[in-house]
Protein chains: 2
Amino acid sequence: MLSKKCKYAVHALVYMAKTPKEKFLIKDVSEACAIPKKFLEAILLDLKRAGVLGSKQGKGGGYFLRREPYEVNLAEIVRLFDGAIAHVPCATYKFYERCTECVDEETCSVRDAFLQVRNATVEMLKANTLEDLVKKETKLKARKKK
Amino acid sequence: MLSKKCKYAVHALVYMAKTPKEKFLIKDVSEACAIPKKFLEAILLDLKRAGVLGSKQGKGGGYFLRREPYEVNLAEIVRLFDGAIAHVPCATYKFYERCTECVDEETCSVRDAFLQVRNATVEMLKANTLEDLVKKETKLKARKKK
DNA sequence: GTAAAAGACTACTGATTTAGTAGGGATTGC
DNA sequence: GCAATCCCTACTAAATCAGTAGTCTTTTAC
């Protein structure tokens, strides 16, 4: 399961990607997405440090997307907040750790199975950019009206 | 990430599926798989309650697989120990919970994306039975020797 | 140059989960 | 009856999560 932090981050980003605004106040995003303000503050800061968002301090400041919506995907966000995507540490690249459970990693079928799951999952998460999510929402809303 | 309990369970089951023995002592599985004995005890008990293993008490007793290796798959084991497979509670069936983050679940693109991931993951985990894992290990070992 | 608006940062907290450990109790075979 | 074996409850230390509180810094408007 994703942490709340991660889910909040995704929803905040989708909101920012779909709303035509130059700058977003923490307060506005917090209200629009129903995220505790102080908590969101920390989240947006993390996203800024990761280069996803930019910010401007002082009066008239706020946050803004630093990259185009098609350049930001779910895999990146999930990794940023919740770490590795794989189910086992020995089936990751960026967060690799040898597992104590398998005697020989090379011939461990459990690792092999979860490696397959991981690869497919990463592909799917990468295939979902903010742009995709915004478009999808528009489609789902149109379908509902019918 | 899977809990240790879940990983231990999978390794213990694979061990039992590949080893031609009628009954397994906790102690033996514990040593063969490098799992703390007392911890494994609780794990095997859970698997027994779930109908995966059977057991016999007293002298000469032990645990044994109650179903054929091809009838036990990873999805079931993961669900048993770690709960839902999906990344978000609103994208599960067995552990469903409405999420506070999305205003309208029907048109929530985040849910839609993770539902897609979940479905694919479940399929893959289901496709990996104990039998498959044992066979895979044999193959990997053969390939390594070459 | 000062006040107000905004983000940046540090530190704390209560609740929950994880990964075990301890210590008996119940059952069975001989 | 006694030793081997699984069954069960309770406890604990450490980590993580989800958030809150409070202060500091930067920027703009006047």
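In what follows, every chain begins at residue 1, and chains take the letters A, B, ... in the order their sequences are listed.
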Mind calculating the distance between [atom1] ([X]) and [atom2] ([N]) to the nearest angstrom?
X: L2(B); N: dA19(C); atom1: CG; atom2: C1'; result: 15 Å
X: E41(B); N: dG25(C); atom1: CD; atom2: P; result: 15 Å
X: K48(A); N: dT26(D); atom1: NZ; atom2: P; result: 11 Å
X: M16(B); N: dC6(D); atom1: CE; atom2: C1'; result: 13 Å
X: I43(A); N: dG7(C); atom1: CD1; atom2: P; result: 14 Å
X: K4(A); N: dA18(D); atom1: NZ; atom2: P; result: 7 Å
X: K37(A); N: dG22(D); atom1: NZ; atom2: C1'; result: 13 Å
X: D46(B); N: dC6(D); atom1: CG; atom2: P; result: 15 Å

Sort and list the pairs that fulfil ring pair (Phe, Tyr, Trp, His ring centres under 6.0 Å) and have at least one residue in residues 103-142 of chain A, not counting sequence neighbours.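 For residues 103-142 of chain A: H87(A)-F114(A).
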Notebook entry, point to check: Going by the ring pair (Phe, Tyr, Trp, His ring centres under 6.0 Å) test, which pairs reach into residues 127-146 of chain A, not counting sequence neighbours?
Noted result: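 For residues 127-146 of chain A: none.
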Inspect the surroundings of [atom1] in [X] and state if more than 12 heavy atoms from other residues, nucleotides or ligands are less than 6.0 Å away.
X: K21(B); atom1: NZ; result: yes
X: R66(A); atom1: CZ; result: no
X: K139(A); atom1: NZ; result: no

Heavy-atom check, side chain of V10(A) versus side chain of L130(A), under 4.5 Å: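 Side chain of V10(A) against side chain of L130(A), heavy atoms only: no contact under 4.5 Å found.
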Side chain to side chain contact (heavy atoms under 4.5 Å, CB included) between M1(A) and T92(B): does it pass, once the steps are laid out?
-> CA-CA 11 Å; M1(A) 285 280 168; T92(B) 75; 4.1 Å; yes
- Task: Kindly say if S55(A) contacts the phosphate of dA6(C), meaning a side-chain N or O under 4.0 Å from OP1 or OP2.
- Result: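 No.
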### Query
According to a strict under-4.0 Å criterion, is Y8(B) in side-chain N/O contact with OP1 or OP2 of dA19(C)?
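False: Y8(B) side-chain N/O out of range (4.0 Å or more) of dA19(C) OP1/OP2.
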Taking only nitrogen or oxygen atoms into account, show me every contact under 3.5 Å that the protein makes with nucleotides 27-30 of chain D, one pair per line with its distance.
from    : atom 1 : to     : atom 2 : distance (Å)
dT27(D) : O2     : K59(A) : N      : 3.3
dT28(D) : OP1    : K56(A) : NZ     : 2.5

Heavy atom of residues 71-92 of chain B under 4.0 Å from DNA chain D: which residues?
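When residues 71-92 of chain B is checked for heavy atoms under 4.0 Å from DNA chain D, there are no hits whatsoever.
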Pairs under 3.5 Å (N/O, protein and nucleotides 9-16 of chain D):
none

Set of residues satisfying side-chain hydrogen bond (donor to acceptor under 3.5 Å, both in side chains) with respect to E76(A), sequence neighbours excluded: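 Partners of E76(A) by the side-chain hydrogen bond (donor to acceptor under 3.5 Å, both in side chains) criterion, ordered by chain and then number, come out as R67(A).
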ask   = Mind checking what makes ring pair (Phe, Tyr, Trp, His ring centres under 6.0 Å) contact with F39(A), not counting sequence neighbours?
value =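 Only Y8(A) meet the ring pair (Phe, Tyr, Trp, His ring centres under 6.0 Å) criterion with F39(A).
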message: Strictly by side chain to side chain donor-acceptor pair (under 3.5 Å), give each pair with a member in residues 120-130 of chain A just once, sequence neighbours left out.
response: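 For residues 120-130 of chain A, and leaving out neighbouring residues, the side chain to side chain donor-acceptor pair (under 3.5 Å) pairs sorted by first residue read N128(A)-K136(A), T129(A)-D132(A).
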According to the side chain to side chain donor-acceptor pair (under 3.5 Å) rule, which pairs have a member within residues 105-115 of chain A, sequence neighbours left out?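 Listed once each, the pairs are Y96(A)-E105(A), D104(A)-T107(A).
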Please work out which residues in residues 19-36 of chain B have a non-hydrogen atom less than 4.0 Å from an atom of DNA chain C and list them by number.
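Residues of residues 19-36 of chain B under 4.0 Å from DNA chain C: P36(B).
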Exercise. Below 4.0 angstrom, N of the basic side chain to O of the carboxylate: do K5(A) and D82(A) qualify?
Worked result: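 Not counted as a salt bridge, because no side-chain N and carboxylate O are separated by less than 4.0 Å.
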>> Can you identify which nucleotide, out of dA19(C), dG20(C), dG19(D), has its nearest atom closest to the S3(B) side chain?
In response: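 Nearest to the side chain of S3(B) among the choices is dA19(C).
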List in chain and number order the residues that pass side-chain contact (heavy atoms from CB on, under 4.5 Å) with A50(B), two or more places apart in sequence or in another chain; answer none if no residue qualifies.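 For A50(B) the side-chain contact (heavy atoms from CB on, under 4.5 Å) partners, ignoring immediate neighbours, are V52(B), L80(B).
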- Message: Please enumerate all residues that pass salt bridge (Lys or Arg N to Asp or Glu O under 4.0 Å) together with E41(B), with sequence neighbours excluded.
- Response: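 In terms of salt bridge (Lys or Arg N to Asp or Glu O under 4.0 Å), with neighbours along the sequence ignored, E41(B) is linked to K38(B).
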